[in-house]
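Atoms within a ligand are numbered from 1 in the order they appear, just like the ligands themselves. Positions are given from 1, in the same order as the sequence printed here.
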Amino acid sequence: MSDKETAQASNFIRDIIDADLAAGKHGGRVATRFPPEPNGYLHIGHAKSICLNFGIANDYGGTCNLRFDDTNPHKENLEFVEAIQRDVRWLGYDWGDRLFYASDYFEQLYEFAVQLIEKGKAYVCDLSAEDIRAYRGTLKEPGRDSPYRNRPVAENLDLFARMRAGEFEDGSRILRAKIDMASPNMNMRDPTIYRIRHGVIHHQTGEAWCIYPMYDFTHCLSDSVEGITHSLCTLEFEDHRALYDWFLDTLQVPCHPQQIEFSRLELQYTVTSKRKLTQLVDEGYVEDWDDPRMPTIAGMRRRGYTPAAIRDFCSRVGVTKSVNNIEMGVLEDCVREDLNRHAPRRMAVLHPLKVVITNFPEGVTEELQAANHPQDESLGTRGVPFTREIYIDQEDFREQAPNKFKRLVSGAEVRLRNAYVIRCDEVIKDNNGAVIELHCSYDPDTLVNNPEGRKVRGVIHWVSARLGIQAEVRLYDRLFTHPSPDKGEEGAEYTAYINPESLRTLTHCYLEASLAEAQPGQQFQFEREGYFCVDPDHSHARPIFNRTVTLRDTWAKLEMQKD
Ligand code: ATP
Ligand code: MG
């Protein structure tokens, strides 16, 4: 990570930490954690939370734990546990030896629950789920006490031990906190602490447990056990803070971390709910979690987004409590900026049109040199073979065109990038009148110099037909056509806004010869086309390149036309 990046912009959370440090709170320590539930892959919203938590730890000389919040075993698995670690590491963050699982604390959590019962602050409740809901009341009406609320401590201890021992069926009993059924905060109306779940094999604890603690109980206690000082979470947990504090105040705990909420990142033209991302994968709208159209970290990696670009994006969107709905163009600009600096330039023809250079000898190869980067000489040069037959892009030729068409026109000249000026002498067509080949002549004096006394329209890219590599190129675009797919027309499912052109696969592209050595993950700018990266499925025998991002924001242009 560069020095420039480490001095991150200030935000209200950093202000709180500064004040805490000045007041000597938490013994001058700063300890954060990133607590994903391993029930899916991480997405761009998680990236914001990762950058925030690890960024604060890095800047304050503190620590950041990676903790799996794994209390819901039937939706979690090891694939997700591994993917999350891979993605956090790839983003550039290191948790050292501070990898934890909430399930590491199951025994301790059980003891805390017993402590609550002993204090008369928790009870075993036999109401059915339906009754619990009915007793809970509404926002306008207070709830009613459960008939089991005043069970004696000894009976609660006995029943809770038997819940653990597996004597009771799923749903027949729960352990609840005894707080206040009339509280205006619904979370305080005797919330569930433990429920019974038989027959699930937990990815960490196997079949050791048939009771599982609830999130609110687990989270604050895990934070406390780990000595977290600032527990940062998204705004939907604001109403849970009272409960977070209640557990920590009621129980004898190592320390009392401060929960601070910030707003969730929402990115336009995509969705960031794990439930919806799971649905996109399960129902085949995308190939998998790492489909380059997915807003997952794995998808963005496969698409060719860089860790530096994603970190830059997270720093640009900032951390506040107000709505954080960001245009996709902001993320794409971060990607363009980073790739513009680092991606070597290459030539690739996506829609090939054959050009025969009639005054260039057959069988001869002239090795021309091309700079890998227009501004950064340290990236060096490469050889580009020039031959009698080349490909140019169909878009770069018109039989007739106005002067503002700065490409090849019948009877006129154009410069081939890194090579010569050619003139189009003859247009060959098939029986239907479609252009299938051009016959051109080149001016051998124009490799470095412009022709004297003539003005050449423009510069186009090209690839040697004999020495170019045939490749598959996947053109990715936004996955949705609506900026807020889940807030479309009334009654419309977000899946109704899937962009049918989010993937176009071109199978007959030609790439310049030097790309034969490209390795999966490498990134290039295909001049005049965009940024591309080598797909993990790429091989020498079957080259595959993904378009990461276009050179300019074509969506912004479309939006402007609409107005
Ligand atoms: P979902 O609601 O989609 O299931 P989640 O919040 O339950 O997501 P977790 O795995 O629990 O997913 O999230 C881990 C951490 O990442 C939490 O601290 C959560 O607040 C944070 N986080 C999740 N989504 C976002 C987001 N869109 N913006 C910022 N932080 C997020
Ligand atoms: Mg969550």
Practice prompt. Please confirm whether E236 comes within less than 3.5 Å of ligand 1 when only nitrogen or oxygen atoms on both sides are compared.
Written response: no
Discussion item. Strictly distance-based, threshold 3.5 Å: is any side-chain N or O of N72 a donor or acceptor partner for the main-chain N or O of K75?
Written reply: no
Worksheet item: If every non-hydrogen atom of N156 is compared with every non-hydrogen atom of A122, which pair is closest and at what distance?
Response: ND2-O, 3.8 Å
Worksheet item: Counting only heavy atoms, which portion of R275 has something under 4.0 Å from ligand 1: side chain, backbone, both, or neither?
Response: neither
Item to complete: Can you sort out the partners of D239 under side chain to side chain donor-acceptor pair (under 3.5 Å), two or more places apart, ordered by chain and number?
Response: none
Item to complete: With heavy atoms of T234 as the reference, note each atom of ligand 1 found under 4.0 Å away.
Response: 19 (C), 20 (O), 29 (C), 30 (N), 31 (C)
Fill in: Which residues share a side chain to side chain donor-acceptor pair (under 3.5 Å) with D18, sequence neighbours left out
Y60
Worksheet item: For atom 13 (O) of ligand 1, which of K48, E37, H46, K75 has the closest heavy atom?
Response: H46
Worksheet item: Quick one: does ligand 1 sit under 4.0 Å from the side chain of F237, the backbone, both or neither, non-hydrogen atoms only?
Response: neither
Response to the item:
One finds that the ligand 1 atoms under 4.0 Å from a non-hydrogen atom of P35 are 14 (C), 18 (O)
Worksheet item: Does the side chain of Q259 pick up a donor-acceptor pair with the side chain of Y244 at under 3.5 Å?
Response: no
Fill in: Subset of ligand 1 atoms that lie under 4.0 Å from at least one heavy atom of S273
3 (O)
Worksheet item: In terms of atom number and element, which parts of ligand 1 are under 4.0 angstrom from non-hydrogen atoms of S49?
Response: 16 (O), 21 (C), 30 (N)
Worksheet item: Aromatic rings W209 and F106: how do their planes relate, parallel, tilted or perpendicular, breaks at 30° and 60°?
Response: perpendicular
Fill in: Polar side chain donor-acceptor pair, R189 to S183, under 3.5 angstrom
no
Discussion item. Out of K276, R33, R264, who is nearest to atom 8 (O) of ligand 1 when you count heavy atoms only?
Written reply: R264
Worksheet entry | Whether T272 lies under 4.0 Å from ligand 1, heavy atom | yes
Worksheet item: Salt-bridged, E76 to K274, with N to O below 4.0 Å?
Response: no
Discussion item. Checking the N or O distance criterion of under 3.5 Å, is ligand 1 in contact with P36?
Written reply: no
Worksheet item: ligand 1 and K274, any nitrogen or oxygen pair closer than 3.5 angstrom?
Response: yes
Discussion item. Between ligand 1 and H43, can you find any atom pair, the residue atom being a heavy atom, that is separated by under 4.0 Å?
Written reply: yes
Worksheet item: Salt bridge or not for E226 and R67, using N-O below 4.0 Å?
Response: yes
